[in-house]
Amino acid sequence: MSRYEAGTTEAKWQAAWESNKCFETDTASALPKYYVLEMFPYPSGRIHMGHVRNYAMGDVVARAKRAQGFAVLHPMGWDAFGMPAENAAMERNSHPAKWTYANIDAMRAQLKTMGLSLDWSREFATCDPEYYAQQQAMFIDFMDAGLLSRKKATVNWDPVDMTVLANEQVIDGCGWRSGAPVEKRALTQWFFRITDFADDLLEAIDTLDGWPEKVRIMQRNWIGKSHGLQIRFDIEANDIAPDWKELEVYTTRPDTLFGMGFGAISPEHPLAAQLAKGNSGLAAFIDECRKTGTSEEALEKAEKRGFDTGLRVKHPFLDETFPVYVANFILMDYGTGAIFGCAAHDQRDIDFARKYGLKVLPVVAPNGDESFEVTDEAYTGPGTIINSDFLNGMEIEAAKEAVADRVAAMGKGEKKTNYRLRDWGVSRQRYWGCPIPVVHCETCGIVPERKENLPVRLPDDVTFDVPGNPLERHATWKHTPCPACGKDAVRETDTMDTFVDSSWYFARFCSPRAETPTDRAAVDRWLPVDQYIGGVEHAILHLLYSRFFARAMEKTGHLSDSAREPFKALFTQGMVTHETYEAQGGGWLSPEEITRDGSVVTAKDTGKPVKVGPIIKMSKSKRNTVDPEEIIKGYGADCARWFMLSDSPPERDVEWTEAGVEGASRHTQRVWRLVNEALPRLPATGTAPTASDQDAVTALRKVTHKAIKSVTEDIAAFRFNKAVAQIYGLTNAVASFKATGADADAALREALESLVLLMAPMTPHLAEECWAVLGHTTMVTDTPWPVAEAKLTVDDTITMPIQVNGKKRSEIQVAADADKAKVEELALADEAIVKLLDGGAPKKVIVVPGRIVNVVI
RNA sequence: GCGGGCGUAGUCCAACGGUAGAGACAGAGGACUUAAAAUCCUUCCAGUGUGGGUUCGAAUCCCACCGCCCGCACCA
C-alpha cells in the first residue's frame with residue numbers, strides 16, 4: 001500500500017464531479033430546498049486563508065445537506081467592482097476590467113483546487129454588464145417607487161480616493177479604504193431611502209432567530225431608535241436674527257426641562273450660518289469647528305467649546321431666558337441640530353456649563369432627596385423629580401409624559417421618534433462601478449434612461465493618469481439624447497457604491513441568466529438563503545443594506561414578501577491568525593523565512609534569533625500570511641479544510657500552525673491506511689452487520705453509531721470542531737479494534753464506511769477515494785447520509801458516580817433504565833458509602849436517573 | 001463612556017447545573033529500524049481568572065472585581 005497522494009487523487013475527483021455535473025443545482029427536483037451561501041469574494045487575485053475557512057465551512061453544510069436529502073443551491077460569484085481595480089489600473093497603466101477578469105480567472109482556478117461543491121454554472125461577476133444592467137433596471141424601478149431621493153448633503157469626502165463615503169465607511173474620521181482623514185463637502189447625491197424602513201428593519205430583527213445575538217444587537221444599535229420630544233423655544237426679540245422666532249430642539253429627557261441652563265446649536269445649523277454673517281468671531285469659530293470636526297484628536301480630547309450667539313430663548317413654563325451657544329459637540333444630522341442643555345443630568349452639558357459658568361440645577365434626585373447636588377459628574381440614574389414645579393415628586397417616565405402633554409397643549413412641540421440610521425448615499429465619483437442610469441436634461445430635468453437602452457455601459461477607452469472620475473472627463477460618453485425629449489443631454493457620471501452590487505447578488509444566483517433582475521418562480525423557490533456564512537466585519541453594512549434591498553425589491557415586485565428577510569440563518573466565522581516574527585534590527589519575517597526548533601526561532605537567511613510576536617489576523621503588513629495555494633500543493637485541499645475545521649470553534653479565531661496542518665495530514669494518511677489494511681478481511685459491500693456475542697464488536701458498533709449521531713448534530717449546529725473530535729474518536733476505535741470473525745469483519749466495514757461518509761463533507765476527496773477502495777462503484781457524493789441506529793447509541797448499563805455531600809466517593813454499575821429506588825438501594829449498599837455512613841442514616845439521597853447519586857449526610 | 005463576548009492542563013479546545021477530559025497539538029519514555037522518517041504502545045500535566053452568593057451539587061446560574069478581544073462612540 002502506498003501513501004495517499006492528495007495531489008493526483010484530488011484532481012481526479014474534482015474532474016469526476018465536474019464531468020458528472022454533480023453540483024449543478026437540480027431545478028426540477030421535488031426535494032426540499034436548501035440554499036447555502038458564503039459571502040462572495042472580492043477578486044483581489046489570490047485566495048487567502050480566510051476564504052479557505054469560510055468556504056470549507058460552507059461546503060461542509062452544502063455537502064451534508066445534499067447527502068441528507070435536500071436540493072442544494074450553492075453558488076459562487078465575484079464582488080468585482082471597486083477601488084482596487086482602479087488603483088491597479090493607475091499603477092500598471094492598464095484597464096480595471098482586464099485586471100479584474102484576470103484575477104477572477106486566477107481565483108476561480110484556486111477555488112477549484114479546494115474541491116468545493118459549487119454550482120459553477122451560475123457564476124457571475126458584479127462587473128458583468130449582464131449583472132449591472134439588471135441593477136440599473138432596479139434603480140429605475142426604485143426611482144419610480146419613491147425609494148430614492150436626490151439631495152444636497154454634506155458628505156464625507158475622501159481626499160485621497162477623491163470620492164464620497166457612506167457614514168458606515170468612515171472609521172475614526174478616516175476613509176475605510178484610504179485611511180485618510182475625511183473632509184466635509186456639500187454635494188448633490190443619490191440616496192436610497194433606507195430610513196423609510198427604519199422601523200421595519202428594527203422590528204424584524206426580533207424574527208431573525210437564526211442570527212447571532214451579537215449581530216442582532218449591532219444592527220439594533222446601528223438603527224438607534226430613540227423616543228423623545230421635539231420642542232420649539234421662543235427666541236427673545238433681537239436685532240441679530242430677527243427672522244428666527246423659534247428654536248426647535250430634540251430631547252429624550254423632557255423631564256429635565258426645569259433644569260435647563262442653556263441652549264446650543266450645531267456649527268452647521270442654518271441659524272449659526274446666518275448669525276455668522278454679521279459676526280466675524282462666530283464665523284471664525286464655526287470655521288474652526290469644521291476643520292477639527294471629524295478629526296480623531298478632536299474626538300479624543302472631546303473638549304466642549306462654544307460661542308455665545310447673544311440670542312436668548314424663553315423657557316416654555318418659566319419666566320426665564322437662557323443663552324444660546326454654538327457648540328462643537330452638537331451634531332447637525334441628529335435630531336434638529338439643536339439642544340437644550342440640562343447640565344445636572346448630562347455629562348456633556350455639565351462639562352460645557354462648568355466651563356462657561358452656566359446654570360446647574362439638579363431636577364432628578366435619587367431617593368427624592370431635595371438637597372441633592374451635582375459637582376462635575378452628571379446624574380443620569382433613576383430618581384424623583386425636584387425643583388420642577390408641577391413635576392415635583394414624579395418619577396422620570398411620568399414626568400416625561402407630563403411635559404410632553406403640556407408642551408403639546410401649548411402648541412410648542414410634539415413627541416418624536418428619532419433614528420441614528422441615515423439614508424444611504426450611493427453616489428460615487430468613480431469609474432469602476434455600476435453607472436447610475438439617469439440623464440440630466442436642461443428641459444426635462446433628471447430623466448431615467450429607457451430600460452431598452454440598458455445597460456448604460458462603462459466605456460472601455462478611459463485613462464487613469466489623473467485622479468478623479470474618468471467618466472466625467474471622457475470625451476463622448478456622457479453625451480446622449482434625453483430619453484424623454486430627445487434633445488442633447490448629459491449622463492450622470494457618478495457610479496453606485498459597490499455595496500449596492502452585493503445587496504442583491506444572493507437573489508440573482510437563483511436565476512443568474514434571467515432577462516429581468518429576478519425570475520419570480522426561481523426566487524420563490526430558493527429564497528431566503530437558508531444559511532449565510534461570512535465574516536463578522538459585515539455585521540452592519542452589507543447585511544443591513546441587503547435587508548433593505550429585499551424590502552425595496554419586494555416593493556418593486558422583484559421579490560416576494562417571504563424573502564423580506566433574505567438570510568434565514570447567519571453564521572459569522574472567526575478570523576485566521578498566525579504568529580508574527582520580528583527580525584533582529586526590525587522588520588517582519590514571513591513564516592517561510594524562519595526556522596522553528598522547539599521554542600527557538602531563527603531567521604533562515606541570517607541564522608539569527610527571531611522574536612516571536614503576537615498572534616494576530618493574517619495580514620500582508622505583518623507578513624504573517626500563509627498562502628493556501630502552497631498548503632494545498634503541499635498537503636492537499638482536504639488537509640487544509642480539515643485543519644480549518646478542527647480545534648477552534650468556528651465563530652472564534654483559529655491560529656494557523658504548521659504543526660496543526662501536519663496533524664491533519666497524519667490523520668488523512670491514517671484513515672487511508674486503516675481502510676487499506678482492513679480491506680482484505682472486509683465482507684462484500686452491502687453486508688449488514690449482525691448481532692454479536694463479542695463485546696468488542698458491539699462496542700465498535702456503538703462507537704460507530706454514537707459518532708454518526710454526534711457528527712450529524714454537531715454539523716447541524718456549526719460545531720465543526722466537535723464533529724472533528726468525534727471522527728478522531730471513531731478513527732481511534734477502528735485502529736484499536738482487535739476482534740476477529742465474520743461478525744467483527746462486518747462491524748469493521750460498517751465502522752469504516754461510516755467514517756468515510758462522516759468525513760466526506762470535510763475531506764471529500766479522501767472520502768471518494770476510500771469509498772472506491774472499499775469496493776463501491778458509486779460516488780460518496782451520491783450516497784445518502786448514514787443514519788444512527790437508536791439502540792446502538794445508548795448503553796444498557798452505565799457507570800453512575802456516587803457523591804457524598806457533593807464529592808465523588810464511589811461509583812456503581814447499574815442498568816440504564818433502573819428506577820430511582822433501585823439506584824438508591826445500590827448506592828447505599830456500596831462498600832465505600834456504607835463505610836462513610838458509619839451506621840448512620842443519610843439526611844437525603846438525590847438520584848438523577850442516568851446521571852449521578854448524591855448522598856447527603 | 002455605552003453595548004457585547006471570552007478567561008478550563010504547556011497550547012488549542014470538550015464537558016443537558018451532575019465523575020473536570022471527547023479530541024488535537026506539544027512534551028517524556030519505549031517498540032520497530034543499521035539509522036532516520038513514518039508507524040505503534042505507554043505516559044506526564046489543570047480543579048476551571050479572583051472573591052462572594054444560590055444549590056444536595058457550580059467551569060456552567062447570580063453579584064462584584066481583574067484581564068483580554070470586538071462593536072459603537074459628543075446620537076441630546
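A, B, ... follow the sequence lines: proteins, then strands. Residue 1 opens every chain. These numbers come from the heavy atoms of this one structure, side chains and all, not from hydrogens, waters or symmetry mates.
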Give, ordered by number, those residues of residues 645-664 of chain A having at least one heavy-atom distance below 4.0 Å to an atom of RNA chain B; if nothing qualifies, reply none.
A:D647, A:S648, A:P649, A:R652, A:A659, A:G663
Is a side-chain N or O of A:N624 found less than 3.5 angstrom from the main chain of A:I616, in a donor-acceptor match?
yes
Go through residues 249-257 of chain A and report each residue with a non-hydrogen atom lying under 4.0 Å from RNA chain B, sorted by number.
A:Y250, A:T251, A:T252, A:R253
When you check the phosphate oxygens OP1 and OP2 of B:rC75, does a side-chain N or O of A:R422 lie under 4.0 Å from one of them?
no
Would you say the base of B:rC74 and the side-chain of A:K304 have a donor-acceptor pair closer than 3.5 Å?
yes
Which residues pass the side-chain hydrogen bond (donor to acceptor under 3.5 Å, both in side chains) test with A:R641, sequence neighbours left out?
A:D59
Using the side-chain hydrogen bond (donor to acceptor under 3.5 Å, both in side chains) criterion, which residues pair with A:S736? Sequence neighbours excluded.
none
What I want to check is whether an N or O donor and acceptor connect the side chain of A:R719 with the base of B:rC13 at under 3.5 Å.
no
For residues 643-661 of chain A, the side-chain hydrogen bond (donor to acceptor under 3.5 Å, both in side chains) pairs (sequence neighbours left out) are A:Y635-A:E658
Name all pairs fulfilling the salt bridge (Lys or Arg N to Asp or Glu O under 4.0 Å) condition that reach into residues 847-857 of chain A, sequence neighbours left out, sorted by first residue then second.
none
Canonical and wobble pairing (Watson-Crick, G-U, under 3.5 Å) of RNA chain B, dot-bracket with |
(((((((..((((....[..).))).(((((.......))))).....(((((..]....))))))))))))....
Qualifying residues under side chain to side chain contact (heavy atoms under 4.5 Å, CB included), relative to A:D346, sequence neighbours excluded:
A:R348, A:D349
Checking A:K622 now: which residues fulfil side-chain hydrogen bond (donor to acceptor under 3.5 Å, both in side chains) with it, not counting sequence neighbours?
none
With sequence neighbours left out, what residues match A:K415 under salt bridge (Lys or Arg N to Asp or Glu O under 4.0 Å)?
A:E401
Residues that A:Y4 engages under ring-ring contact (aromatic ring centres under 6.0 Å, His included), provided they are two or more places apart
A:W672
Distance check, P atoms only: B:rC62 and B:rG18, in whole angstrom units.
15 Å
Test: salt bridge (Lys or Arg N to Asp or Glu O under 4.0 Å). Region: residues 211-228 of chain A. Which pairs qualify, not counting sequence neighbours?
A:D199-A:K225, A:D206-A:R220, A:E213-A:R216, A:E213-A:R220
Distance, C1' atom - from B:rA76 to B:rA14, rounded to whole angstrom:
48 Å
